[in-house]
Amino acid sequence: MVVAQEFTVDLNKPLVFQVGHLGEAYQEWVHQPIFLTLTVWWAIPVIWLPVVCWCISMSIRMGQTLPHVALMVLFGIFVWTLLEYTLHRFLFHIKTRSYWGNTIHYLLHGCHHKHPMDGLRLVFPPAATAVLLLPFWKVLSLVSTPTTTPALFGGGLLGYVMYDVTHYYLHHGQPSSEVPKNLKKYHLNHHFRIQNKGFGITSSLWDRVFGTLPQTKAAEKSK
């Protein structure tokens, strides 16, 4: 059991409808990790990569050239990286204190911080993703032509697949080369050391742009 203020969280019972009672103590509680291990990461590429291919082929069938489609796909991936950062920083780490605010946040992202090694909480449920893809398609259709919308959508969806697979790997993989090793350290630093910085997952690009890049321990010691 974990006690917060006058409310006791019973870890042997479902947590979803308990966390709302934590009030202001929720933010501290949710960043004290509990470790579990379950894996279903493969569902993300299995379900969504065929959709990516179908969308890209749609733009080609509608008359777009391969170079232009490739450019749109790359731009869609780029747009996803900004969306990834924005959602993680401003929605997934929103401060809550009310019962329903805590409950919704726990379902959305708090459960991942509480159980950072639980594979079931490392990837976004496909059903929820499908719901979110509808407004994403609508927005793209408003700002792009009918023939480029599918390629942009496919690129954004491919960026999401890359994000979810990368996220799982950063928690459970054992990288040997420098780039993924640094990315793993960068993300785990967000979980276990500085939760209000380091919101990028696939890269630190937007953390650098918006000034949320966490300092290294060496830099902090030099101050």
Side-chain angles (χ1 to χ4, degrees), residues 40-94 104-105 107-109 111-112 119-173 179-180 183-184 186-187 190 198-213:
V40 290
W41 66 270
W42 44 264
I44 302 306
V46 166
I47 292 172
W48 296 119
L49 285 182
V51 179
V52 170
C53 295
W54 183 79
C55 289
I56 294 173
S57 67
M58 183 187 296
S59 281
I60 295 173
R61 293 195 306 270
M62 295 172 76
Q64 290 292 332
T65 64
L66 283 175
H68 189 254
V69 168
L71 184 62
M72 290 300 99
V73 170
L74 290 175
F75 185 68
I77 294 173
F78 176 76
V79 170
W80 164 259
T81 63
L82 178 58
L83 187 60
E84 166 193 311
Y85 173 88
T86 302
L87 289 172
H88 192 188
R89 179 179 178 182
F90 296 107
L91 179 61
F92 294 171
H93 280 269
I94 190 172
I104 292 171
H105 180 268
L107 285 169
L108 191 64
H109 191 64
C111 58
H112 170 53
L120 288 176
R121 295 180 173 93
L122 284 172
V123 296
F124 208 62
T129 302
V131 172
L132 295 176
L133 287 178
L134 293 175
F136 184 55
W137 175 275
K138 291 292 185 182
V139 170
L140 288 179
S141 65
L142 291 175
V143 299
S144 61
T145 66
T147 58
T148 58
T149 296
L152 282 171
F153 182 85
L157 185 56
L158 179 58
Y160 158 72
V161 172
M162 295 165 62
Y163 148 79
D164 244 355
V165 172
T166 299
H167 190 201
Y168 183 89
Y169 180 73
L170 295 181
H171 281 263
H172 288 282
V179 172
L183 196 58
K184 182 181 177 77
Y186 167 72
H187 182 60
H190 166 75
F199 298 106
I201 306 296
T202 53
S203 79
S204 60
L205 170 64
W206 297 110
D207 280 306
R208 297 177 188 275
V209 172
F210 294 114
T212 53
L213 187 71

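Sequential numbering from 1 along the given sequence is applied to the chain's residues. All values below come from the heavy atoms of this structure, side chains included, with hydrogens, waters and symmetry mates left out.
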Q) What pair of heavy atoms forms the shortest contact from D207 to G200, and how long is it? A) OD2-N, 2.8 Å
Q) Excluding sequence neighbours, so at least two apart, what forms ring pair (Phe, Tyr, Trp, His ring centres under 6.0 Å) with W206? A) F78, F210
Q | Residue from F136, F153, W80 passing ring-ring contact (aromatic ring centres under 6.0 Å, His included) with Y160 | A | W80
Q: Examine the side chains of Y168 and D164 and answer whether a donor and an acceptor come within less than 3.5 Å of each other.
A: no
Q: May I ask you to decide if the ring planes of H167 and H171 are parallel, tilted or perpendicular, using 30° and 60° as cut-offs?
A: perpendicular
(Q) So, taking the atom named CZ in F90 and the one named CZ in F199, what distance separates them when rounded to the nearest 0.5 Å? (A) 8.0 Å
Q. So do W48 and P126 actually touch side chain to side chain, heavy atoms under 4.5 Å?
A. yes
(Q) Tell me the closest heavy-atom pair linking F92 and H88, and the distance in Å. (A) CB-O, 3.5 Å
Q.
I'd like to check L183 versus T166 (side-chain heavy atoms, cut-off strictly below 4.5 Å). Are they in contact?
A. yes
**Q.** Sidechain-backbone polar pair: T86 side chain, L83 backbone, donor-acceptor under 3.5 Å
**A.** no
**Q.** Residues which pass side chain to side chain contact (heavy atoms under 4.5 Å, CB included) with S204, listed by chain and number, not counting sequence neighbours
**A.** Y186, R208, L213
Q. Going by heavy atoms in the side chains, are L49 and L158 under 4.5 Å from each other?
A. yes
Q) Less than 4.5 Å apart, any side-chain heavy atom of T212 and any of Y85? A) yes
Q.
Are the side chains of M72 and Q64 in contact, using a 4.5 Å heavy-atom criterion?
A. no
Q) Taking side chain as C-beta onward, heavy atoms only, is L157 less than 4.5 Å from C55? A) no
Q. Residues in side chain to side chain contact (heavy atoms under 4.5 Å, CB included) with L132, at least two apart?
A. F124
Q.
Taking T147's backbone N and O only, do any of them form a donor-acceptor pair with S59's side chain (distance below 3.5 Å, no angle check)?
A. yes
Q. Which atoms form the tightest heavy-atom contact between P45 and V165, and what is the distance?
A. CD-CG2, 4.1 Å
Q) If you look at every heavy atom in K184 and G173, which pair is closest and at what distance? A) NZ-O, 3.1 Å
Q | Given T81, I44, I77, the one that forms side chain to side chain contact (heavy atoms under 4.5 Å, CB included) with M162 | A | I77
Q | Main-chain N/O of I201 paired to E84 side chain as donor or acceptor, under 3.5 Å | A | yes
Q: Indicate the atoms forming the closest heavy-atom contact of L152 with S144, along with that distance.
A: CD1-CB, 3.6 Å
